[in-house]
Amino acid sequence: MSKGITSKNDDYSQWYNELVTKADLAEHSAVKGCMVIKPYGYSIWEKMQAALDKMFKDTGHSNAYFPLFIPKSFFSKEAAHVEGFATECAVVTHYRLKNDGNGNIIVDPDAKLEEELIVRPTSETIIWNTYRGWIQSYRDLPLLINQWANVVRWEMRTRLFLRTTEFLWQEGHTAHATSAEAVEEAERMLDVYADFAENWMAMPVIKGIKTANERFAGAVETYCIEALMQDGKALQAGTSHFLGQNFAKAFDVKFTSKEGKLDHVWATSWGVSTRLMGALIMAHSDDQGLVLPPKLAPIQVVIVPIYRNDEDLAQISEVAKALVAELKAKNISVKYDDRDTQRPGFKFAEYELKGVPVRVAMGGRDIENGTAEIARRDTREKQTITRDGLAGYIETLLDDIQTNIYSKAYKFRAESIVKVDTYDEFKRLLDEKPGFLSAHWDGTPESEQKIKEETKATIRCIPLDNELEDGICIYSGKPSKQRVLFARAY
RNA sequence: CGGGGUGUAGCGUAGCCCGGUAUCGCGCCACAUUUGGGAUGUGGAGGUCGUAGGUUCGAAUCCUGCCACCCCGACCA
């Protein structure tokens, strides 16, 4: 491991790339655009999955699994949907290889599929085709299903976690008897995502709705949570869609209501992906490496012994192992690193790089004095604490770190939302002080598109709690009823 | 997919212009001394120079195709 990483002030994207690889989260694979998620990175994802999965179950959802492959004909049934995804689909055309006689393995031309299969970029079509057989009556509703899966979107440019050709995610797909109920579901799941982002990832988000330009292909309304990264760029962290009856109509999913009337069902879908890993990294980390919120850190506490000989080590280990037991009893994940192959300074740097929230160092001096040195990753402050009540202190400290990194991110974001009233000011701030720009917009896709072309800033969302306020569009000068949030985005 | 760049040991690199079988650092292995912020010394192992062709007596070096990665655009979670 080489010393140090590029400073995020010098080169933000290089800082990010080095962080991902040097903290052992992921690496590029032999397959273009696809990554290998390494054990340390995957264990963070598993923690995210566990927390989200529980939240889904607590809101009444069940997990299921649908196929990776989608017949091409399914895909074409919803016009907007196919148009939105057509340009980024991987297609399976054959099912067999053969030896061409010259020692080369080739695709067997005789093994062409009658109907090509699309590798799912999202599963609405296969799921709604399936739901047709599951739903007949209002008694079958609501149908609340989630699946954890991989999907493939053939992106032109990829970045570890933020945009990869294959990625992991969850996709919820629900069916309801009424429009209102489906809207309520879409909003409920948006709240779940916001709750997760803020309370687990310690990342403040803005809940909002997307403009028509940014809406999911096939949705009536797209809700989103938008986060702000430390370089002032926005990142869409999760989306929840009210799909109306679009997919029900496309796949002919009808139910008989209490009143005996036949109608198409109302749908939602919602998802978050391994992109959250990228968000987590960029939200809190610094030039020393990752900063992980304690609730998602695979290792919450590491104990490093400092010793001169085996006798010292034996003494320290006794105390350290007792602390390990106390912490484990409090459900804190702790690692006692007594490797003799690395020196303490190396270990300090390594665990800082990996974002372990709390480090405990114990040496001969501490054994004599009945103390330990506690270092917190978020502020890099060190304190000497007495051995009595140490486990309790650490437990409190972990909560404190969780709160502190949220506050820090919240403060940064609050400072990064700026009201702008002229287009010149808008353009100036985008370059000088990137962040969310709150500005009036006339509500037309044309103005939004022009602003995007000229400045690369897009409307991230119309905040759900937006106040109505009369004004004029910064681009067209036409009347506007409310401000929307613009930003350059990942 | 367009423009630019890069590919040499696990990682980072020199050598390429001017062709003669590969340099240095980190890491790795062994031993010793070390251990409160990325240890030091001595010895050692490790390379089809991204890949496939071509030119040549001879290619990391020159030529062509392909692949991958990075940066910048268009597309997007």
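Excluded from the calculations below are hydrogen atoms, water molecules and symmetry mates; all remaining heavy atoms, backbone and side chain alike, are included. Naming: A, B, ... by sequence-line order, numbering from 1 per chain. Not measured: the values here are computed from a predicted model.
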Discussion item. If I take atom NE2 in residue H28(A) and atom C1' in nucleotide rC69(B), what distance separates them, rounded to the nearest angstrom?
Written reply: 7 Å
Worksheet item: Between R343(A) and rG36(B), is there a side-chain N or O to OP1/OP2 distance below 4.0 Å?
Response: yes
Worksheet item: Would you say R163(A) reaches rC76(B)'s phosphate, i.e. side-chain N/O to OP1/OP2 under 4.0 Å?
Response: no
Discussion item. Salt bridge or not between K22(A) and E27(A)? Use side-chain N to carboxylate O under 4.0 Å.
Written reply: no
Discussion item. Can you classify the ring geometry of W15(A) versus Y12(A) as parallel (below 30°), tilted (30 to 60°) or perpendicular (above 60°)?
Written reply: tilted
Practice prompt. Using a cut-off of strictly less than 4.0 Å, decide whether R308(A) has a side-chain nitrogen or oxygen near OP1 or OP2 of rU35(B).
Written response: yes
Practice prompt. Using the C1' atom on both, measure rA59(B) against rC16(B) and round to a whole Å.
Written response: 11 Å
Worksheet item: NA contact type, N309(A), heavy-atom cut-off 4.0 Å: base, sugar-phosphate, or nothing?
Response: nothing
Item to complete: State which of rU35(B), rC71(B), rA77(B) makes the closest approach to the side chain of Y307(A).
Response: rU35(B)
Practice prompt. Choose from rG37(B), rC76(B), rU35(B) the nucleotide whose nearest atom is closest to any side-chain atom of R359(A).
Written response: rG37(B)
Worksheet item: When rounded to the nearest Å, what value does the distance between C1' atoms of rG47(B) and rU13(B) take?
Response: 14 Å
Worksheet entry | Cationic tip of K354(A) above Y40(A) ring, under 6.0 Å, 45° of axis | yes
Worksheet, complete the sentence: Per atom distances to the K456(A) side chain, the nearest of rC75(B), rA74(B), rA77(B) is rA74(B)
Worksheet item: rC70(B) C1' sits how many Å from E18(A) CD, rounded?
Response: 12 Å
Fill in: Shortest side-chain distance from R157(A), nucleotide among rA77(B), rC72(B), rG37(B)
rC72(B)
Worksheet item: Does N17(A) place a side-chain N or O at less than 4.0 Å from the phosphate oxygens OP1/OP2 of rC69(B)?
Response: no
Worksheet entry | Euclidean distance, atom CD of residue E454(A) to atom C1' of rG73(B) [Å, nearest integer] | 17 Å
Practice prompt. Answer with base, sugar-phosphate or nothing: what part of the nucleic acid does L162(A) contact at a heavy-atom distance below 4.0 Å?
Written response: base
Practice prompt. Just call it for E155(A): base, sugar-phosphate, or nothing, with non-hydrogen atoms closer than 4.0 Å on any strand.
Written response: base
Discussion item. Students often get this wrong, so: under 4.0 angstrom with heavy atoms, is R339(A) touching a base, only sugar-phosphate, or nothing?
Written reply: nothing
Item to complete: For the side chain of E88(A), starting at C-beta, report the closest nucleotide among rG36(B), rG37(B), rC76(B).
Response: rC76(B)
Worksheet item: In whole angstroms, how far is the P atom of rA77(B) from the CZ atom of R215(A)?
Response: 13 Å
Worksheet item: Across the strands shown, which category fits T239(A) at heavy-atom distances under 4.0 angstrom: base, sugar-phosphate, nothing?
Response: nothing
Discussion item. At 4.0 Å (heavy atoms only), tell me whether G364(A) reaches a base, stays on the sugar-phosphate, or touches nothing.
Written reply: base
Worksheet item: So what does T164(A) touch, heavy atoms closer than 4.0 Å: a base, only the sugar-phosphate, or nothing?
Response: base
Item to complete: Give G33(A) one of three labels, base, sugar-phosphate or nothing, depending on what nucleic acid heavy atoms sit under 4.0 Å from its own.
Response: sugar-phosphate
Worksheet item: Distance between the P atoms of rC66(B) and rG20(B), in whole angstroms?
Response: 28 Å
Response to the item:
Closest of rA77(B), rC72(B), rG37(B) to the R275(A) side chain is rA77(B)
Fill in: F348(A) six-ring face occupied by R359(A) cation (under 6.0 Å, within 45°)
yes
Practice prompt. Decide if the gap between the ring center of W128(A) and the ring center of H81(A) is smaller than 6.0 angstrom.
Written response: no
Worksheet, complete the sentence: Out of rC76(B), rG36(B), rC70(B), minimum distance to the side chain of A361(A) belongs to rG36(B)
Worksheet item: Considering only rA77(B), rG37(B), rC71(B), which nucleotide approaches the side chain of E352(A) most closely?
Response: rG37(B)
Response to the item:
With the side chain defined as heavy atoms from C-beta on, F167(A) is closest, among rA77(B), rG36(B), rC71(B), to rA77(B)
Worksheet item: Of all the choices, rC76(B), rA39(B), rG38(B), which nucleotide is nearest to the side chain of A349(A) once you look at every atom?
Response: rG38(B)
